[in-house]
J.: 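Below you will find the structure I want to go over with you.
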Amino acid sequence: MEHYFMKTKKYIIANWKMNLGLAQTVSLAKEFKKKFAGFNRGEVAVCPTVLALTETAEILKGSGIKLGAQNVFWEDKGAYTGEISADMLVEAGCRYVILGHSERRKHLFENYEEIHKKIRAVVETEKLTPVVCIGESLEEKKSDRRDFVLVDQLQQALSGIDVFGEQEIIIAYEPIWAIGTGTAIEPAEAEYAHKIIKLALNDLFGMRVNNKNFRIIYGGSINPKNVKGFVNLENMDGLLVGGASLQADEFYKIAKAITKQ
Ligand code: PEP
């Protein structure tokens, strides 16, 4: 019988967003490779601009750091100008892909129907782990709708997705009001939200699949100082880090702290 507490591996994922061009990405990836040489306490991944995926993959060869993308399209190929398929990400060397980030939901009006199609396409490759972002807005939090919003987003994103074998699905709980603000939420609030997510996943997939295939990570203004409060939470499988991942040293400190046993 598998138990939730057997999931000891922590995931620390850097989202570099559209902050760095090719040359800057190459330079930061090299710094990461140096900094994380010999680090084997958790799963570290970086998600650079799509422009730099293949070069970053080359740099990361021989290191334990995995590569991720920030988006994907749901069709495999064809007349979809400007889009990139899941197989293309695999070919570029990706292991992870962030889906439905709140910045895409806000600026590109991405919705959970589209995110659902993206998850399906990603899972079908059997070679990529989706990092599915969910989280409430400030208004939703203020009007006490957080729990409903989280369950609703999970249902829309995941209902009807078949999860087989070793396929991992990471749910990133990212309260929109905490992203990029410099202030993370209280660890106890993250733990509460992760519990809601865990229960919703039990309903959708059953406890066995949930325990084996799903991970829940937190994202929103994590830095080397506040990370300490997130270390011993029961339902915390790792972190998605934006701003603080743009400095190799800061990110390394976060990774070291969250993987402390
Ligand atoms: C994010 O946008 O995924 C994120 C976690 O950003 P930040 O750490 O900058 O809040």
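Whatever order the structure lists ligands and atoms in, that order sets their numbers, starting from 1. Treat the numbers as computed from the prediction; the structure is a model and nothing was measured.
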J.: Just which atoms of ligand 1 are under 4.0 Å from any heavy atom in Asn15?
T.: 3 (O)
J.: N/O to N/O below 3.5 Å, does that happen between Gly220 and ligand 1?
T.: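 Among all N and O atoms of Gly220, none is under 3.5 Å from an N or O of ligand 1.
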J.: Would you mind telling me if ligand 1 is within reach of the side chain of Ile179, the backbone, both or neither, using heavy atoms under 4.0 Å?
T.: both
J.: Nearest protein heavy atom to atom 2 (O) of ligand 1, by residue and atom, and its distance?
T.: Lys17 NZ, 2.5 Å
J.: Would you say the ring centers of Trp16 and Phe251 fall short of 6.0 Å from each other?
T.: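 Centroid distance Trp16-Phe251: not below 6.0 Å, so no.
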J.: I'd like to check which ligand 1 atoms, numbered from 1 as shown, lie under 4.0 Å from a non-hydrogen atom of Gly243.
T.: 7 (P), 8 (O), 9 (O)
J.: Does Thr181, backbone or side chain, put an N or O under 3.5 Å from an N or O of ligand 1?
T.: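 No: no nitrogen or oxygen of Thr181 is under 3.5 Å from one in ligand 1.
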J.: Salt bridge or not for Lys10 and Asp237, using N-O below 4.0 Å?
T.: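 Not counted as a salt bridge, because no side-chain N and carboxylate O are separated by less than 4.0 Å.
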J.: Distance to 0.1 Å, residue and atom name: give those for the protein heavy atom nearest to atom 8 (O) of ligand 1.
T.: Gly242 N, 2.8 Å
J.: Within a 6.0 Å radius of atom CD on Glu91, are there more than 12 heavy atoms belonging to other residues, nucleotides or ligands?
T.: no
J.: Check ligand 1 against Gly180 and write out every atom of the ligand that is under 4.0 Å from a heavy-atom position of the residue.
T.: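 Checking each atom against Gly180, I get 7 (P), 9 (O), 10 (O).
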J.: In ligand 1, which numbered atoms sit nearer than 4.0 Å to a non-hydrogen atom of Ser221?
T.: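 Ligand 1 atoms under the 4.0 Å threshold to Ser221: 7 (P), 8 (O), 10 (O).
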J.: Is any NZ, NE, NH1 or NH2 atom of the basic residue among Glu166 and Lys212 found under 4.0 Å from an Asp or Glu carboxylate oxygen of the other?
T.: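 Salt bridge flag = yes for Lys212 with Glu166.
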J.: So which heavy atom in the protein is nearest atom 3 (O) of ligand 1, and how far is it from that ligand atom?
T.: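 For this ligand atom, the closest protein heavy atom is Glu174 OE2, 2.8 Å.
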J.: If you have a sec, work out which protein heavy atom is nearest atom 1 (C) of ligand 1 and how many Å separate them, to one decimal?
T.: His101 NE2, 3.2 Å
J.: Taking only Lys NZ, Arg NE, NH1 and NH2, and the carboxylate oxygens of Asp or Glu, determine whether Glu110 and Lys118 approach each other closer than 4.0 Å.
T.: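 Salt bridge present between Glu110 and Lys118.
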J.: Please determine whether a side-chain nitrogen of the Lys or Arg among Arg145 and Glu136 lies less than 4.0 Å from a carboxylate oxygen of the Asp or Glu.
T.: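 Between Glu136 and Arg145 there is no salt bridge, as every charged N stays at least 4.0 Å from the carboxylate O atoms.
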J.: Between the side chains of Glu103 and Lys106, is the shortest nitrogen-to-carboxylate-oxygen separation below 4.0 Å, so that they form an ion pair?
T.: no
J.: Aromatic rings Tyr96 and Tyr11: how do their planes relate, parallel, tilted or perpendicular, breaks at 30° and 60°?
T.: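 Geometry flag for Tyr11 against Tyr96: perpendicular rings.
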